[in-house]
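We count ligands from 1, going down the list as the structure has it; atoms in each ligand are counted the same way. Computed from a predicted model, the values in this text were never measured in an experiment.
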Amino acid sequence: MKIALLYFSGTGVTAKFASDIASGFLKTEHSVDLLRIKRKSTFDLTDYDLFGIGAPAYSYRAPRIVTRILRKLDFKGKPFFVFSTSGGVPGNTLWNLYMAVYRKAGLFLGSIEGFGTTNIKSWMPKLSDTKRKLGGLTNHDCEMAQQFHEIIMGRLNRWQKKPDKGEMKSIIPDANLGYYIWAGFFTWRFEMAFYAGIKFLDKEKCNSCKLCATRICPSGAITLKRNNMPRFNEFLCVGCSGCMNLCPKDAIWTFRSKNHQQYDLYKEYILKS
Ligand SMILES: Cc1cc2nc3c(=O)[nH]c(=O)nc-3n(C[C@H](O)[C@H](O)[C@H](O)COP(=O)(O)O)c2cc1C
């Protein structure tokens, strides 16, 4: 079976979670492609038999940049599941992901959440060492993700033979009106301002490696100047804080992040994508 895990990730926590889910499927001789969603991404999904769709919670919902792209993709009526990571209050994130694709996809097979704490650079030092290593996810979250393929493949095999309407309905993620209302207040502008803030560049530290613009930023908010140093477009920024968390030279800072240690474990997940 060919599986696509489409995920959005700013600083790598959801990327790590997706990679754990993938490792479970890979043990059972399926092939898995990890596809990171960015602004204006398009994917050809024709060859895939199963989809996993994941995103972090942004202001109690799935980031709008993600749901907008998902709505445009064609999932060819194939089965799917959803996953998310959050700082502990995911709100309607799983529901938003489910709603964005269920019309074009087929059988819904379930959902999984990784709860941790936020990966924002200025908040990381408040975590214990073990939690910081996993970007806020717990060991339990990662183990659950690695075993998630058993639930998914079990349901797929069972329901393809004999659909169980009651069970199928019971696994659809819940929607909460209260979070809908809250999420309505938190626009991208608020997210950018509160979670990341205006970004500055330490020109002494920047080595013009271009990673922030070409590999890290998922929202197209960083372009390059002639000298290959980044220029920030705060209007496109979604506040993921990936650039300041993952800059190899720690050259990007905001008033919130200054003087805090760098969070770098997930460089490998984002830079691989
Ligand atoms: C802009 C923004 C908004 C967030 N909103 C929420 C939220 O409403 N609830 C929550 O539990 N965590 C929230 N978080 C925390 C993220 O969901 C959490 O850190 C997630 O694991 C980040 O995943 P990533 O590294 O893949 O981007 C928010 C983080 C950011 C950057």
Side-chain angles (χ1 to χ4, degrees), residues 5-22 34-39 52-67 82-97 112-127 131-138 141-142 145 176 178-199 215-219 221 234 236-246 252 254 256-257 262-273:
L5 295 185
L6 293 111
Y7 66 92
F8 176 90
S9 184
T11 55
V13 182
T14 317
K16 150 84 176 141
F17 202 56
S19 152
D20 283 341
I21 295 174
L34 288 159
L35 307 172
R36 185 175 174 217
I37 298 174
K38 291 188 185 180
R39 188 185 294 275
I53 293 144
Y58 272 18
S59 303
Y60 312 123
R61 53 161 292 140
R64 289 172 182 83
I65 180 177
V66 183
T67 45
V82 293
F83 58 96
S84 81
T85 67
S86 75
V89 196
N92 291 334
T93 308
L94 291 173
W95 164 253
N96 295 140
L97 294 174
I112 181 167
E113 283 172 312
F115 291 105
T117 185
T118 186
N119 54 324
I120 308 300
K121 186 176 181 179
S122 49
W123 298 349
M124 288 305 282
K126 293 178 192 147
L127 302 181
K131 278 207 126 193
R132 198 179 314 145
K133 273 188 200 132
L134 296 170
L137 294 171
T138 60
D141 288 328
C142 300
N176 179 307
Y179 285 124
Y180 246 105
I181 296 168
W182 272 109
F185 286 117
F186 295 131
T187 59
W188 61 266
R189 199 179 272 273
F190 173 88
E191 285 165 353
M192 191 283 286
F194 184 73
Y195 286 95
I198 307 292
K199 289 161 284 300
R215 309 290 291 281
I216 297 169
C217 179
S219 65
E234 306 294 358
L236 288 180
C237 176
V238 291
C240 77
S241 88
C243 54
M244 63 175 167
N245 276 304
L246 304 179
I252 300 170
T254 71
R256 292 175 66 90
S257 75
Q262 195 174 21
Y263 159 60
D264 62 3
L265 185 86
Y266 294 111
K267 270 178 197 162
E268 62 171 308
Y269 293 101
I270 290 298
L271 298 185
K272 244 177 7 189
S273 65

For [X], take its heavy atoms, then give the atoms of ligand 1 lying under 4.0 Å from any of them.
{"X": "Y60", "value": "7 (C), 8 (O)"}
{"X": "S59", "value": "3 (C), 4 (C), 5 (N), 6 (C), 7 (C), 8 (O)"}
{"X": "G239", "value": "1 (C), 31 (C)"}

Measuring only between side-chain heavy atoms, which start at C-beta, is [X] closer than 4.5 Å to [Y]?
{"X": "P90", "Y": "F115", "result": "yes"}
{"X": "I270", "Y": "R36", "result": "yes"}
{"X": "N176", "Y": "W95", "result": "no"}

Is it the case that ligand 1 has an N or O less than 3.5 angstrom from some N or O of [X]?
{"X": "G88", "answer": "yes"}
{"X": "G10", "answer": "yes"}
{"X": "V89", "answer": "yes"}
{"X": "A15", "answer": "no"}
{"X": "P56", "answer": "no"}
{"X": "V238", "answer": "no"}

*Between L97 and F83, what is the shortest heavy-atom contact and its length?*
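L97 and F83 have their closest heavy atoms at CD1-O, 3.5 Å.
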*asked:* Please find the pair of heavy atoms, one from Y269 and one from G12, that lie closest to each other, and give the distance.
replied: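 Scanning both residues completely, I find the closest heavy atoms to be CB-O, 4.4 Å.
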*asked:* Within the structure, is a non-hydrogen atom of A57 found at a distance of less than 4.0 Å from ligand 1?
replied: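 Flag set, A57 near ligand 1.
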*Could you establish whether S241 and ligand 1 come within less than 4.0 Å of each other, counting only heavy atoms on the residue side?*
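It does not, in that no heavy atom of S241 comes within the 4.0 Å cut-off of ligand 1.
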*Check whether any side-chain N or O of N92 sits under 3.5 Å from a backbone N or O of R61 as a donor-acceptor pair, and report yes or no.*
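Not at all, since once roles are kept as given, no pair shorter than 3.5 Å links the two residues.
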*Tell me, please, which residues at least two apart from K199 pass side chain to side chain contact (heavy atoms under 4.5 Å, CB included).*
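Testing K199 for side chain to side chain contact (heavy atoms under 4.5 Å, CB included), a comparison that skips the adjacent residues, returns M192, A196, F232, E234, C237, C243, I252, T254.
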*Would you check if there is a donor-acceptor pair between the side chains of T93 and N96 at a distance under 3.5 Å?*
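Side-chain D/A pair, N96 to T93: absent.
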